[in-house]
Every structure is written in structure tokens, then in C-alpha cells.
Amino acid sequence: MTRLILRRLALLVPTLLGLSVLLFLWVRALPGGPATALLGERATPEAVERINQLYGFDRPLPQQYVTWLGQLLQGNFGVSTRTGRPVLDEFWARFPATVELSLVGLLVAVGIGIPLGYLAARHQGRLVDHAAVVTSLLGVTIPVFFLAFLLKWLFAVQLGWFPSTGRQDPAMIATHPTGFYVLDGVLTREWDASWDALVHLLLPALALGTIPLAIIARITRASVIDVQHADYVRTARAKGLSTAHVRGRVILHNAMLPVSTTIGLQVGLLLSGAVLTETVFAFPGIGKFLADAVFNLDYAVLQGFILLIAVVYALVNLAVDVSYGLIDPRMRTR
């Protein structure tokens, strides 16, 4: 298991280097250029030339890339042209909000998707199975932003059951030692603040978790159907094991390997899909700030946030690889 972790970490280095090259070239190819973004309305030809000389934007691209990479290795991701704060500080200030939203969305997807897929497989070819398949198809085909607008219009605007924007009621007085509002309310015993933060999360999390829910349900269904006809399942039944033991410890346990892979991949989709969801609900996370950076041509934020999200996604995939050994002991010997 240790060798597996070290091997995956070694592969992480060239992956991130390749991404940094593509990201650097993409940002440099955007219209206007970094100097224009820094100057804004004051971008006269003379001012642009001065900024290019000051920050080295007039140097050859390979030299600019090496300089930028050296700054990254020192933890310097640049400064946001919109807020004037370091990009890394902006990222960590909004990271808890996006993680909290993604975790709740993932709980919705896993908590509904796995039981739904299992029930569909248990009743293959019946009404429950057909209903689950249709539901999963709808979940995949409905765009996230459309579902977010629909949920917001129905449950927030028309019915008034949930708040429509934000992360917490502005009138709520609460302390946030960790930045995770729900957890902070529990740690400080400010139960009203914790409940208010959770209520603000429900609609965005439901919109964000719909597509992963549908995918997890379909993968679970296919995996359970494949496993329940395996020889070792028939052997377990022939030994006289209880039905509950066969379904839980034998079928569902062995069907979880491809499902765990899918769940790990969906974490990255949740982080990327949060851009649309956070924009619709004005949720102050990484996605909302990244969307604002696109409109404001904040190149430092675009480069830094995308690269940091890629690091998080790679570490999640590493955690998924480690989970293989916990679910299937045979993977530990490979």
C-alpha cells in the first residue's frame, strides 16, 4: 500500500507540470493579456508597455513560464487584480464553502444513489427498475444551471421554504473558527447558526448532487447485477448464509469497488460543477469567485484557482486508489 501511494504521488508531478504548461499558454492566449487586465480602463499603449516591462510579460514565453513556476514553488500564486489580495489567501478563504457544499451534494448523491441502484438491481426488469433507470436518465440530462434556477424559483421564491442566496443569514451573529459554517456552529454550540448554514446548503447541494446521484445509481445497478450472479455468491448461499449476510457482506461489499471509483471521480465534477451552482445561488465559494475572475479578466486568479483545484482533484483520486485496498484486499498484493 505504501508503494502504491508513493507511485501515485510520483505520477502527480508530471501531471501537474503538464497542466501548468497548458494553463500558462491558455491564459497568455486570452484576449487583452495580463497587462490590460492589471490596468483596466487605464490601459493606454504606454501604460501597457510599462507593465509588460515591469512584470516581464515582454520576455519570451519559456522564460516567463520558468519564472512563474519558480514563484508557484515558493507558494506565490500572484495577486488578484480585483481584490488586491494574494490568490492563495483568496482560495483558502473560499475553499471551506465549496468543500462544505460539495460534501453535502455528495451525501445526497451517495445516500440516494446507492440504495436506488441496489433496489433497481434487486428488482431487475420490474417497475422499480424501470423507474430508477428513467430517474437516472433525467438526472443526467437536466443541466445543472437549469435545475438550480428551477429549485430556486420553486422552493425559495414561490414557496419561501429555503433562502435563495448566500451562505448564511446576514443578520446571524456567529463565529467561524474553521470556515465550515455548519461545523463551526456545532463546535461553538451556536445551534441556530449551524442550522441556518445547513438550510442555505440544501438547495445548492440538491442541484449540485443530481448528476452524480444519477451516475452513481446507474453504476451501482450495473455492478450489483454483475456481482449477484457470480459463483462466490452462489457458494455463499449454498453454505446456508442468511439472506441479509449474502446481500450486505457478499453482494453489496464486492459491488462497491467500481462504485467507489465513480464516487471519487464525481468529487472533481462537484468542484467544477460548483461554478454554475454557486453563481446561481450567489454562494461565496471557489466557483463563484472563479466565475467573477473570468468576467473581470483576473488572470492570476484563473491560473491559481484552476491549478489548486487540479491538485485537490489529484489528491482525491489518490484517496480513491487507497480505498481500493480497504474494499478489496486482493488489491493490496498487486
Side-chain angles (χ1 to χ4, degrees), residues 37 40 80-109 142-176 178-185 190 192-213 267-302 304-306 308-309 312:
S80 170
T81 57
R82 187 164 65 94
T83 65
R85 296 181 59 197
V87 171
L88 198 58
D89 291 348
E90 296 287 4
F91 182 84
W92 289 123
R94 289 160 177 80
F95 186 64
T98 298
V99 170
E100 201 170 46
L101 176 60
S102 299
L103 285 177
V104 178
L106 189 64
L107 285 175
V108 171
I142 297 177
V144 173
F145 69 91
F146 175 76
L147 181 61
F149 275 118
L150 185 62
L151 292 174
K152 182 177 179 179
W153 174 80
L154 179 60
F155 293 105
V157 178
Q158 296 297 319
L159 298 177
W161 292 354
F162 298 95
S164 60
T165 58
R167 195 179 174 194
Q168 200 169 50
D169 189 344
M172 182 69 63
I173 300 176
T175 54
H176 305 295
T178 68
F180 296 91
Y181 283 14
V182 177
L183 178 62
D184 289 339
E190 297 172 344
D192 291 342
S194 182
W195 174 253
D196 183 69
L198 182 61
V199 170
H200 277 77
L201 280 170
L202 290 180
L203 281 185
L206 184 58
L208 188 62
T210 302
I211 292 179
L213 187 157
V267 173
L269 293 177
L270 288 172
L271 289 172
S272 60
V275 174
L276 298 175
T277 307
E278 290 179 4
T279 302
V280 172
F281 288 97
F283 195 84
I286 292 175
K288 178 67 168 60
F289 197 75
L290 194 58
D292 292 340
V294 173
F295 291 108
N296 291 284
L297 299 178
D298 200 339
Y299 292 107
V301 170
L302 288 175
F305 272 45
I306 293 175
L308 289 167
I309 289 173
V312 173

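In what follows, every heavy atom counts, from backbone to side chain, and hydrogens, waters and symmetry copies are set aside.
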What residues form a side-chain contact (heavy atoms from CB on, under 4.5 Å) with Ile142, not counting sequence neighbours?
Phe146, Leu147

Who pairs with Asp292 by side-chain hydrogen bond (donor to acceptor under 3.5 Å, both in side chains), at least two apart in sequence or on another chain?
Lys288

State which residues pass side-chain contact (heavy atoms from CB on, under 4.5 Å) with Ala300; sequence neighbours excluded, sorted by chain then number.
Val87, Asp298

Can you name the salt bridge (charged side-chain N to carboxylate O under 4.0 Å, His left out) partners of Glu100, sequence neighbours left out?
Arg167

Test of understanding: with side-chain contact (heavy atoms from CB on, under 4.5 Å), list the residues that count as partners of Trp195, not counting sequence neighbours.
Leu198, Val199

State, to 0.1 Å, how close Ala97 and Pro284 come at their nearest heavy-atom pair, and which atoms those are.
CB-O, 3.6 Å

Which heavy atom in Gly185 sits nearest to a heavy atom in Ser194, and how many Å separate them?
CA-CB, 3.7 Å

List the atom of Pro163, the atom of Leu203, and the distance in Å for their closest heavy-atom pair.
O-CD1, 4.2 Å

Could you list the residues that satisfy ring pair (Phe, Tyr, Trp, His ring centres under 6.0 Å) with Trp161, not counting sequence neighbours?
Phe155

Here the gap from Gln168 atom CD to Leu201 atom CG, rounded to the nearest 0.5 Å, amounts to 10.0 Å

Go through the steps for Thr83 and Phe289 under the test side chain to side chain contact (heavy atoms under 4.5 Å, CB included), then give the verdict.
CA-CA 11 Å; Thr83 65; Phe289 197 75; 4.1 Å; yes

Looking at residues at least two apart in the chain, or sitting in another chain, which of them share a side-chain contact (heavy atoms from CB on, under 4.5 Å) with Leu206?
Val108, Leu151

Can you confirm whether Phe180 sits close enough to Val99 that some side-chain heavy atom of one is under 4.5 Å from a side-chain heavy atom of the other?
yes

Between Val280 and Ala148, the two heavy atoms sitting closest are CG1-CB, 3.8 Å

Pairs satisfying salt bridge (Lys or Arg N to Asp or Glu O under 4.0 Å), at least one member in residues 196-211, at least two apart:
none

Who passes salt bridge (charged side-chain N to carboxylate O under 4.0 Å, His left out) against Lys152, sequence neighbours left out?
none

Do you know the tightest heavy-atom contact between Leu101 and Ala205?
CD1-N, 3.5 Å

Start with the C-alpha gap between Val144 and Thr210, add the side-chain angles, then the distance that decides, and say whether side chain to side chain contact (heavy atoms under 4.5 Å, CB included) holds.
CA-CA 8 Å; Val144 173; Thr210 302; over 6 Å; no

Non-neighbouring partners of Thr165 that pass side-chain hydrogen bond (donor to acceptor under 3.5 Å, both in side chains), sequence neighbours left out:
none

Working to the nearest 0.5 angstrom, can you tell me the gap between Leu103 CG and Leu208 CG?
10.5 Å

Set of side-chain hydrogen bond (donor to acceptor under 3.5 Å, both in side chains) partners for Thr98, sequence neighbours left out:
Glu278

Quick one: ring pair (Phe, Tyr, Trp, His ring centres under 6.0 Å) partners of Phe91, sequence neighbours excluded?
Phe95, Phe305

Minimum heavy-atom separation for Gly179 to Asp184, with atom names?
N-OD2, 3.1 Å

